[in-house]
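None of the values given here were measured: they were computed from a predicted structure.
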Amino acid sequence: MRRVSTTVLGMLLILLISPVVAGVALAQPEDGGAESQPVRMARATWDTGWFQAEVYRLLIQRLGYQVEGPVTMDNDEFYEAVAVGDVDLWANGWFPTQDAFLQEGQVELVGIQVDDGALQGYFADKATAEAHGITSLGDLASPELAALFDEDGDGLADLIGCEPSWGCAAIIEHHLEVYGLGETVEQVQGAYSPSIRATFDRYRSGQPVLYYTWTPNWTVGELQPGRDVVWLETPFPSLPVEQAAYLDRTSIAGIPGCASDPCQVGWPPNDIRVVANTRFLEANPSIRRLLEQVAIPLGDISAQNALMVADEGDPEDIRRHAQEWVDANQAVVEGWIELADPEAVGLEDAGGAVSAPGGRLAVAARILPPFVIYDDRSYSGFDVELARLLAARLGMEVDFYAVDTVAKQIDDINRGVASVALGGVAITESREHEVDFSLPVLDTGLTILAPTQASRGFGDRIAIFFEAIVSSDLPWLLVLFGVVVLVSAHVIWWLERRHNPDFAMPYRQGIWDSFYWSVVTMSTVGYGDKVARGGWGRMFALVWIALGTLVFASFTASIASSLAVNELRSEISGPADLPGHRVATVSRSAGEAYLSTLGVGPVLVDEIDDAYALLEQGEVEAVVFDAPVLRYHAAHEGAGGVATFGPLFEKLQYGLAINENDYELREQLNLALLDLIESGVYQKLHDRWFGALG
């Protein structure tokens with residue numbers, strides 16, 4: 001009876017306590033802060049938005065939260081994940097362009113990072129537009145005008161458009177349909193980055209270009225509206241049904257490079273906003289208050305994008321850019337943090353998650369000849385051919401796509417979009433922290449690119465002659481020549497002085513006549529005005545003519561040889577010659593680090609093509625960079641005008657970047673690479689690309 005009573009009492013006690021326990025479990029603090037679950041951030045697939053994502057990550061950490069990610073997702077993937085709470089937020093929402101992705105009641109737009117300043121539109125090169133009176137996209141309904149922008153010969157204008165997963169792709173298709181352009185214009189979709197770079201290369205070669213782009217983006221700094229390209233208006237406002245409310249906002253005043261003001265660009269200005277899960281915001285009000293305040297100037301985003309695309313595109317660079325921005329705006333940031341949570345603690349970097357790679361051999365390629373060449377929408381190059389050989393060894397299909405930066409390559413590997421990254425990717429300590437590498441696929445180093453003497457002007461060639469005179473053994477030959485002639489003059493004077501009036505007495509006058517005879521006789525161009533008449537004098541004259549011919553010929557050959565050598569070499573023939581000269585290299589490259597150790601303050605450029613231009617214009621005397629890249633340029637675009645000089649220095653190794661957790665793929669690639677090496681296939685590939693380049 002007592003046992004039953006105890007059991008009953010226990011059950012009653014559990015029933016009484018359970019609501020309290022449940023209440024405690026459900027009663028979350030208003031704001032969990034550092035003790036709550038880490039914030040799960042995402043970011044868009046376009047790397048021009050990663051700077052903003054990094055800024056928001058730092059700010060949320062400043063509130064005391066740990067942050068996972070940001071992990072990269074395309075639009076569909078993110079909006080599905082944020083709606084169900086698999087991720088909490090991203091900072092890359094474009095509205096109204098992404099309106100169609102929103103799921104009402106499950107996600108919210110918070111704050112306005114960029115207010116009404118993100119523009120989109122269609123562009124054509126200024127020369128073609130002005131020559132043919134093209135001011136509107138609707139003008140391309142004319143087959144003759146559309147054919148000006150036909151790249152593939154199908155008669156349709158090729159409009160470089162959006163990637164299929166981006167919201168802008170559907171709007172472009174809508175425009176082509178409603179403006180009656182379906183028979184004359186086609187949207188070129190696929191990887192935007194290599195397509196737009198190829199487009200800009202065509203512009204630089206003088207060909208017509210037609211493309212879509214947006215701000216903030218590096219593209220509008222590369223080809224500036226009004227100077228290089230023009231905005232193409234749309235015939236009338238038209239948007240998909242879900243964006244019909246924005247039709248009155250597609251006409252924008254003050255657009256440079258547009259034929260009208262206001263300009264009918266066809267796209268409403270977009271706000272860039274944070275998109276977050278509603279339940280997450282309700283559980284973390286301090287984060288909501290922070291997000292409501294944050295604004296990043298459009299100019300700051302554009303400036304960072306330019307740096308990233310130039311040559312500061314490693315993940316550590318983008319994180320550094322974000323930290324520098326936060327530091328530069330410390331007073332504003334502290335104000336945001338104070339309003340969001342006065343008790344906020346400092347930064348805590350939680351790092352990001354790594355996802356496994358996919359099943360295909362997807363290759364993220366950074367275009368850098370001769371490793372990766374993108375021409376006529378196809379890939380070639382040493383790394384490209386090597387990847388195809390390796391994939392064949394593994395029984396896999398290889399799929400290349402281009403990216404602009406190493407940061408994008410590393411991110412795509414870590415989130416499983418790419419299996420391998422290549423394109424002259426040097427193996428460095430900082431990159432080893434982010435990804436793993438295969439065995440080295442190429443051992444190389446730095447070298448020097450400089451003009452050949454044959455490419456220089458008349459004044460330079462005069463300098464070459466005098467350089468030849470003082471170079472090599474010529475000074476000693478000149479001394480020997482003078483001594484031998486002087487000895488000969490004394491001998492002939494002594495033999496002929498008493499009976500030959502051509503060699504006068506006394507010595508002071510006679511030795512000069514003898515010297516004159518010695519020179520003209522040696523050169524075999526004697527005038528006959530002074531000749532030996534005595535037996536011994538004539539015998540010596542015969543010996544001197546024979547000996548002098550050899551001496552003079554050797555002297556002439558030495559000068560000619562020295563001139564020939566100097567014609568083919570630069571005055572900078574190795575690293576030791578670099579101090580005191582103007583030398584260009586790419587910023588944040590191994591070349592910059594090396595030149596700094598020599599005390600050479602290099603002329604820094606964003607891209608290696610900029611260094612070639614400076615060398616051609618005479619602004620610099622040499623370029624120092626990765627040897628395969630410079631040698632390829634010297635053998636192709638720079639052939640006849642520039643050459644590489646001196647030995648390799650500062651050893652570099654290139655590899656294939658792989659996810660650091662994919663041990664199996666790394667092992668398979670290494671075994672396949674060793675097989676190519678041992679079979680001799682690798683050597684043939686190497687010689688085909690680099691053998692002729694020295």
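- For the residue pair T199 and R202, a side-chain donor N or O sits within less than 3.5 Å of a side-chain acceptor on the partner.
- Among residues two or more places apart in sequence or in another chain, the side chain to side chain donor-acceptor pair (under 3.5 Å) test is passed with Q653 by D443.
- Using a 4.0 Å cut-off between charged side-chain N and carboxylate O, D436 and R666 make a salt bridge.
- If you run ring-ring contact (aromatic ring centres under 6.0 Å, His included) between Y374 and each of Y401, F200, Y379, only Y379 comes through.
- Of the N and O atoms on the side chains of D404 and S193, at least one donor lies less than 3.5 Å from an acceptor on the other residue.
- Between R431 and D314, the shortest heavy-atom contact is NE-OD2, 3.2 Å.
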Table please: side-chain donor-acceptor pairs of residues 598-616 below 3.5 Å, with sequence neighbours left out.
unit_1: D610; atom_1: OD2; unit_2: E607; atom_2: N; d: 3.4

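- W231 and P225 get closest at one heavy-atom pair: NE1-CB, 3.6 Å.
- In terms of heavy atoms, L630 sits closest to V624 at CD1-C, 4.2 Å.
- With respect to D317 and R320, a salt bridge is recorded, a charged nitrogen being found less than 4.0 Å from a carboxylate O.
- Residues Y654 and D383 bring no donor and acceptor atom of their side chains to less than 3.5 Å of each other.
- Applying the side chain to side chain donor-acceptor pair (under 3.5 Å) test to pairs two or more places apart or on separate chains, those with a residue in residues 670-682 are R393-D675.
- The aromatic ring centroids of F371 and Y632 lie 6.0 Å or more from each other.
- Between Q323 and D327, the side chains place a donor N or O and an acceptor N or O closer than 3.5 Å (distance only, hydrogens not considered).
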